Each structure stands twice: as structure tokens, then as C-alpha cells.
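Heads up: the structure comes next, in C-alpha cells.
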Amino acid sequence: MNLHEYQGKEILASFGVKVQRGIVAHNPQEAVAGAKQLTEETGTGWHVIKAQIHAGGRGKGGGVKLAKNLKEVEDIADQIIGMDLVTPQTSKEGKRVHQVLVAEDVYYPGPSETSEFYMSVLLDRSKGRNMIMYSTEGGMDIEEVAEKTPHLIFNEEVDPAIGLMPFQARRIAFNLGLSGNAFKEMVKFVSSLYTAYVKSDASLFEINPVLKTSDDKILAVDAKVTIDDNALYRHADYAEMRDLREEDPIEVEAKAAGLNFVNLDGNVGCMVNGAGLAMATMDLIKMAGGAPANFLDVGGTADAKRVETAFRIILKDTNVKAILVNIFGGIVRCDRVAQGIVDAYKNMGDAINVPIIVRLQGTNAEIAKELIDNSGLAVHSAIEFQEAADKVQEVLK
Amino acid sequence: MSVLVNKDSKIIVQGFTGSEGTFHAEQMIDYGTNVVGGVTPGKGGQEHLGKPVFNTVSEAVEKVGADTTIIFVPPAFAADAIMEAADAGIKVIITITEGIPVADMVKAYDYVNDKDCRLIGPNCPGVITPGEAKVGIMPGFVFKKGNVGIVSKSGTLTYEAADQVVKQGLGITTAIGIGGDPIIGTTTKEAVELLMNDEETECIVMIGEIGGQLEADAARWVKENGNKKPVVGFIAGETAPKGRTMGHAGAIVGGADDTAEAKKRIMSECGIHVVNSPAEIGKKVAEVLG
């Protein structure tokens with residue numbers, strides 16, 4: 001589950017990680033009130049207004065702006081809230097901004113120069129261990145840094161039984177070129193950041209930039225936090241942070257129905273049991289000259305109700321010109337699935353107005369094919385995988 | 001010969017009396033698998049499906065000599081069940097459970113690494129040696145005995161591949177479902193290595209998907225070891241968009257090197273017979289076996 005910057009910072013702060021402070025606002029009035037309050041609490045003169053959407057690169061799209069007085073806070077908030085923010089990580093239509101974070105200005109002048117770093121905590125899949133990835137090149141696109149200057153990216157692997165050791169935190173602070181008070185602050189920052197990662201059941205922390213202020217404080221200026229969905233059952237408070245407005249409404253509906261669904265922009269819908277076979281089916285659609293309109297794993301129990309729900313969800317996409325159902329019946333009997341399809345078809349009446357190709361293989365596949373062929377419905381049946389692909393090609397012509 | 005499980009394996013079911021455990025244990029027993037009992041804490045001393053129920057895995061090892069386990073325990077308790085099995089001296093731990101928190105698996109993975117055991121999964125369909133033992137949730141009838149080994153991250157795609165192989169008049173030595181999670185006990189490379197060292201296996205089918213480096217690692221290993229047996233490979237997810245999780249928690253394209261295309265390219269370079277169409281796995285196996 002992805003979180004907004006302000007939510008991620010709340011979680012970090014709850015574990016003692018120092019963050020750039022801010023107040024969420026849903027309209028310009030709240031933004032002004034928040035700015036006043038923030039000035040009282042932190043003494044900040046200027047404010048940064050940051051759009052809160054689930055996508056990076058917000059600054060590039062005009063979603064992060066500096067306000068030097070309350071009039072500017074109001075004007076900028078007014079301009080950003082309600083806009084469709086386009087960033088390198090959003091679609092070309094952009095994402096609607098519903099709220100902004102009014103944050104303190106942390107780039108104030110002082111005794112030393114400010115510097116920006118990159119830091120993330122994530123799972124190293126090849127080792128089955130967490131690692132801290134960090135770089136002196138903060139505030140930039142890390143993929144670009146990795147490509148152009150890979151020697152400026154460092155990794156610190158953490159032993160799961162022992163946790164992050166103090167010498168590792170010191171090594172990170174040294175590698176970032178810090179000394180004196182900033183060094184000590186970074187050691188504390190890294191230690192509390194790792195604790196927060198483990199205790200919050202996160203699957204990604206990306207802090208870009210981590211800022212060394214001109215008075216040698218270390219702060220998280222941004223926070224991309226992803227929580228492991230499988231662990232949400234033990235974090236009811238985080239589960240409430242889910243912002244459904246950031247998710248595709250069709251995917252939200254599918255999830256509520258227990259279907260694993262990802263919306264894509266092709267013209268052939270598909271309904272498959274099992275994630276691997278679903279991806280393979282999408283690939284086959286492409287080879288047949290189409291493009292998959294979705295990923296959909298109906299799971300182990302493809303009964304009439306689920307099949308009908310799946311059809312309804314696929315058909316919400318008006319680009320869909322055909323639907324391919326691909327079920328490998330193991331424990332699930334194909335004739336049951338076939339009956340489910342026939343029932344769903346009859347229930348939905350005229351709602352199904354595109355050709356459907358049904359490929360059922362495995363337990364009772366022959367009986368299932370007969371059932372479909374004798375139903376009188378405009379359904380093309382197939383048993384072999386290739387046969388199904390050929391039929392997709394045929395109907396697309 | 002075969003790998004991991006055979007007719008002599010002494011298998012227990014953890015989460016034996018639950019609905020999933022009961023359903024699949026019954027199917028396994030019907031198949032002829034040597035299930036010697038099960039574990040459900042608090043129900044020790046009872047009998048279930050005609051087999052003894054134990055409170056702990058240690059007790060099952062002690063009393064019926066269990067050496068293999070299959071885990072159907074719910075996600076919140078599954079990592080603990082894995083560690084209990086490893087602690088009790090079980091040699092092969094097959095974990096079917098889907099949805100285990102990653103933080104729990106980081107710990108369990110570290111724990112079993114120090115023990116003399118092999119973890120398969122989690123989030124996998126299990127392992128089957130046709131005619132001998134079905135330790136998983138796969139439909140047994142699809143798998144006929146033969147000389148082709150299968151390694152796969154996915155359930156139904158494994159059945160699909162096995163079905164295609166069988167329809168070519170061939171059969172399976174052992175099919176290993178390694179699972180689709182970000183952390184799994186046995187990697188593609190390790191599973192391929194087991195089959196490479198199995199005398200009966202003459203050809204290996206390796207089915208992967210987007211995300212991670214497992215298939216590339218396995219391909220490089222195959223090449224370094226002189227391509228002793230032909231390997232047929234397929235990677236699902238060519239059409240999957242970047243940054244979206246496709247059903248399996250581990251199936252997500254993170255960078256340029258874990259796309260289906262990148263993996264297929266590396267596999268081809270390493271001498272693996274890559275098929276672009278998932279419908280051509282069986283045909284390719286028949287072709288390379290001549």
C-alpha cells in the first residue's frame with residue numbers, strides 16, 4: 001500500500017526520525033491557517049507548498065512551490081489544489097490533487113552549506129535481507145545516478161537476527177562525507193529510520209532528499225513509504241491511511257470482489273486462473289495481434305458469481321473488443337466453470353456485446369466444451385492454448 | 001530417481017485439520033502419497049483422515065519419523081510453522097501459504113539457512129513426483145511419469161507446461177513449484193541444479209516471470225556448468241507494465257534487467273531454448289529431446 005508524503009512522514013516521526021514539518025491542507029484557507037501555525041511552532045518564514053499525490057517527480061510538474069508570504073501560500077495552494085498534476089511518473093492525463101502539504105522551509109542560510117543525500121530501505125531479494133541504499137547524490141532521479149555514476153551509490157546489508165549495528169550507521173555517515181554534529185545526527189537518523197522500517201512492516205522507504213541543514217541537522221524532506229499489504233492486519237492504523245482516490249476505481253471494485261485485477265490499455269480482456277498463467281495469456285494475446293486490456297486472476301474458485309463479476313468488471317472498459325477466458329482446471333472442474341460462464345452470460349443478457357473465447361483445459365475439459373458448444377450462446381470454445389490464440393486472432397479481424 | 005519427494009518420503013501436513021489442509025491432504029492421500037500424520041497445535045492425540053494428529057512437529061518426527069512437511073497454516077502463523085519444522089529436523093519444508101508478511105519471511109529465511117533442510121515456497125503449488133508422491137495442490141492426473149523435470153514460479157502455468165509435455169507422449173520426473181513471492185526458500189538455480197544432478201531427468205523446463213534475478217542466475221549457472229542437459233525456458237509477463245504487481249507479490253518489473261525481454265535474452269545467451277509463446281513449451285521439449 002502506497003502512502004502520501006505527509007502520511008509517510010507521520011510514520012517516520014512516530015519512530016523518532018527527524019522530518020521536515022508540515023500541515024495538510026484541503027483548501028487555500030486551511031493552507032494559510034496551517035502556514036501561520038507552522039510559523040508559530042517552527043519559526044519558519046517561508047513555506048513550501050507540496051501537492052500530495054502517489055507519484056514522484058512532483059516538482060517537475062509544478063506541484064511543489066515556495067511561498068514567501070501568506071498571500072503566496074493562499075495563491076499557490078489555490079492553484080495546486082484541484083489541478084491534474086502531470087509528472088514523469090503519472091499518465092499523461094495526470095493525477096488530481098486533493099490536498100497539499102504546507103511545509104517549513106528547511107533550506108535557510110546558516111553557518112555551513114546545506115547538502116542533499118539519497119537514502120532508501122528495501123528488501124534485497126537476492127539475499128532475502130533488508131538493505132539500506134544511499135548516495136551522496138540527493139535530490140536527483142536515483143535511476144539516473146545508478147546509470148551514470150554507479151560508484152556514488154552504496155549499500156549496507158542488514159543481518160535480520162541482529163539488526164542494524166552502530167558501526168554500520170557510522171559507516172553510512174562517513175561515506176556521506178559528514179563530520180562533527182552532522183555526523184552524529186546522521187547516525188541517529190539512519191538508526192531510527194531502520195527501526196521505523198522494520199516496526200512499520202514497510203516494503204519500501206525512499207527518502208529523497210535527506211537534508212543536512214545549514215545548522216547541521218539531518219531531516220527527511222520527502223518520504224515515499226510503501227507498507228507491505230500482507231502485514232496490514234497488524235497495523236489497523238496504517239490500513240486506515242489508504243487513499244482510494246489514488247487508485248483505479250475499477251481495480252478497487254475488483255479487489256472488493258476478491259479478484260486480482262490490473263487495468264491495462266489494450267483491446268482484449270482476459271480472465272484466467274492463476275497469476276503466471278494470466279501473464280502468459282496476456283503475452284499470447286499480444287502474439288495473436290491484440291493487446292491485453294487487463295490482468296485478471298479469478299483465483300481457485302471460478303464459480304458463476306465470480307465469473308459474472310469478472311465479466312462485468314472487464315466490460316466496464318469500452319476499449320474491449322473481445323474477451324479470452326483461460327482456465328486450467330485442476331481441483332476446479334472445468335464443467336463447473338463452463339456452467340458458471342453460461343449462467344453469467346444468461347444473467348447478463350445483452351450486457352455482453354463482444355465475442356468471447358473460452359478455453360478450458362484440465363479436469364472434465366471435454367464435457368465443458370460440449371456444455372459451451374450446446375448452450376446456443378455466441379461463445380467460441382477451445383481446448384488447446386494455441387487454438388485459443390488463433391480464435392482471438394480470428395475475431396479481431 | 002527423482003528429486004525432493006518420492007514414495008518413501010514420510011510426509012506430515014501442518015495445518016492438517018483446517019479446511020485447506022483437510023481438502024488437500026485428502027487429495028494427496030488419494031493420489032497414494034505417503035502421508036504419515038499431521039500437526040495442529042491443541043489437537044494432538046486425535047485422528048484425522050485416518051492419520052494421527054500431533055501437537056508439535058517434533059512429536060511427529062519422533063513418533064512417525066516425519067522427514068517432509070507441507071504447510072497450509074494461515075499467513076499470520078506460517079513463518080513460525082516453517083521455523084518449527086526446521087527446528088524439529090524436517091528435511092524438506094514445502095510451504096503453500098500465500099500472503100506471508102515479508103518481514104516474517106526475512107526472519108524465517110535466515111533461520112532455515114542455518115539448518116540442514118530445504119524450504120520450498122512459500123506461495124507455491126508444491127512438488128510432485130508422478131506415480132510416487134504429490135506434495136502440493138496440483139491436479140495429479142495431469143502429471144505422467146517420464147524424464148522431463150519442471151521448475152516454475154507459477155501454479156497453473158506449471159500444469160499447462162506439464163500437460164503440453166505429456167501430450168507430446170513424454171512425462172515428468174519431478175515438477176517443483178518454487179513460488180512467486182519476493183523471498184522463497186529454493187531459487188530457480190537451486191531447483192535446476194537438483195534436476196541437473198538427477199539421473200532420470202533428461203530435459204528441464206524452466207518457467208519464470210517478470211521481477212527479480214532468479215532466472216538469469218539459473219541461466220548463468222547452466223552455462224557455467226556446460227549445459228549438460230537441454231533446458232527449455234519461458235518467461236511470463238512480456239506485456240506487464242513496469243511498477244505494477246501482477247498477482248504474485250514478486251512479479252513486478254523494477255528496472256531494466258528484470259523484464260521478460262531482458263530475462264529471455266540472458267537465457268538465450270546462456271544456451272537455453274527459449275520459447276516466446278507459452279503454447280509452445282511442450283513442442284520445444286519434444287524437439288530438443290529429438
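Just so we're on the same page: letters track the sequence lines, and every chain starts at 1. Given the structure is predicted, the values throughout are model-derived calculations rather than measurements. Worth knowing before you read on, the calculation uses all heavy atoms, side chains too, and leaves out hydrogens, waters and symmetry mates.
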More than 12 heavy atoms from other groups under 6.0 Å of CD on A/Glu157: yes
Residue A/Phe15 excluded, over 12 heavy atoms near CZ under 6.0 Å: yes
Any residue of residues 225-234 of chain A which, by heavy atoms, sits under 4.5 Å from chain B: A/Asp228, A/Asn230, A/Ala231, A/Tyr233, A/Arg234
Close contacts, residues 274-287 of chain A versus chain B, judged by heavy atoms under 4.5 Å: A/Gly274, A/Ala275, A/Gly276, A/Leu277, A/Met279, A/Ala280, A/Met282, A/Asp283, A/Leu284, A/Lys286, A/Met287
Are [X] and [Y] within salt-bridge range, i.e. N to O under 4.0 Å?
X	Y	answer
A/Lys148	A/Glu144	yes
A/Lys391	A/Glu394	no
A/Arg129	B/Asp110	yes
B/Glu215	B/Lys153	yes

Donor-acceptor contact below 3.5 Å, side chain A/Arg306 vs main chain A/Val298: yes
Is chain A contacted by the side chain of [X], its backbone, both, or neither, given a heavy-atom distance below 4.5 Å?
X	result
B/Lys283	neither
B/Phe23	side chain
B/Asn113	neither
B/Leu214	neither
B/Tyr109	side chain
B/Gln164	side chain
B/Thr187	neither
B/Glu238	both
B/Val102	both
B/Ile235	backbone
B/Ala76	both

B/Lys115 charged N/C atom sitting above B/Tyr111 aromatic ring, 6.0 Å / 45°: yes
Over all atoms of both residues, closest heavy-atom pair of B/Ile100 and B/Ala78: CD1-CB, 3.5 Å
Residue among [options] with most heavy-atom pairs under 4.5 Å to chain A:
options	answer
B/Pro75, B/Pro241, B/Gly250, B/Ala251	B/Gly250
B/Gly247, B/Ala260, B/Gly140	B/Gly247
B/Gly211, B/Gly243, B/Gly180, B/Pro125	B/Gly211
B/Ala240, B/Pro182, B/Ala103	B/Pro182
B/Gly99, B/Ser154, B/Gly155, B/Pro139	B/Gly99
B/Thr245, B/Thr239, B/Thr158, B/Ile183	B/Thr239

A/Asp335 versus A/Asn364, side-chain donor and acceptor atoms under 3.5 Å: yes
A/Tyr118 versus A/Glu206, side-chain donor and acceptor atoms under 3.5 Å: yes
About how many Å separate [atom2] of [Y] and [atom1] of [X], when rounded to the nearest 0.5 Å?
X	Y	atom1	atom2	result
B/Met246	A/Leu296	CE	CG	10.5 Å
B/His24	B/Ile29	NE2	CD1	13.0 Å
B/Ser152	B/Glu160	OG	CD	11.0 Å
B/Leu157	B/Glu209	CG	CD	8.0 Å
A/Asp159	A/Lys127	CG	NZ	12.5 Å

Contacting region of A/Glu251 [heavy-atom separation from chain B under 4.5 Å]: side chain
Residue part contacting chain B, namely of A/Glu143, when any heavy atom lies under 4.5 Å: side chain
Set of side chain to side chain donor-acceptor pair (under 3.5 Å) partners for B/Gln27, sequence neighbours left out: none
Pick from A/Phe295, A/Phe328, A/Phe261 with the largest number of heavy-atom pairs that fall under 4.5 Å of chain B: A/Phe328
Worked verdict on B/Lys189 versus B/Glu193 for salt bridge (charged side-chain N to carboxylate O under 4.0 Å, His left out): CA-CA 6 Å; B/Lys189 186 217 116 187; B/Glu193 189 174 353; 3.7 Å; yes
With A/Glu384 via side chain to side chain contact (heavy atoms under 4.5 Å, CB included) - residues at least two apart: A/Gln361, A/Glu387, B/Lys167
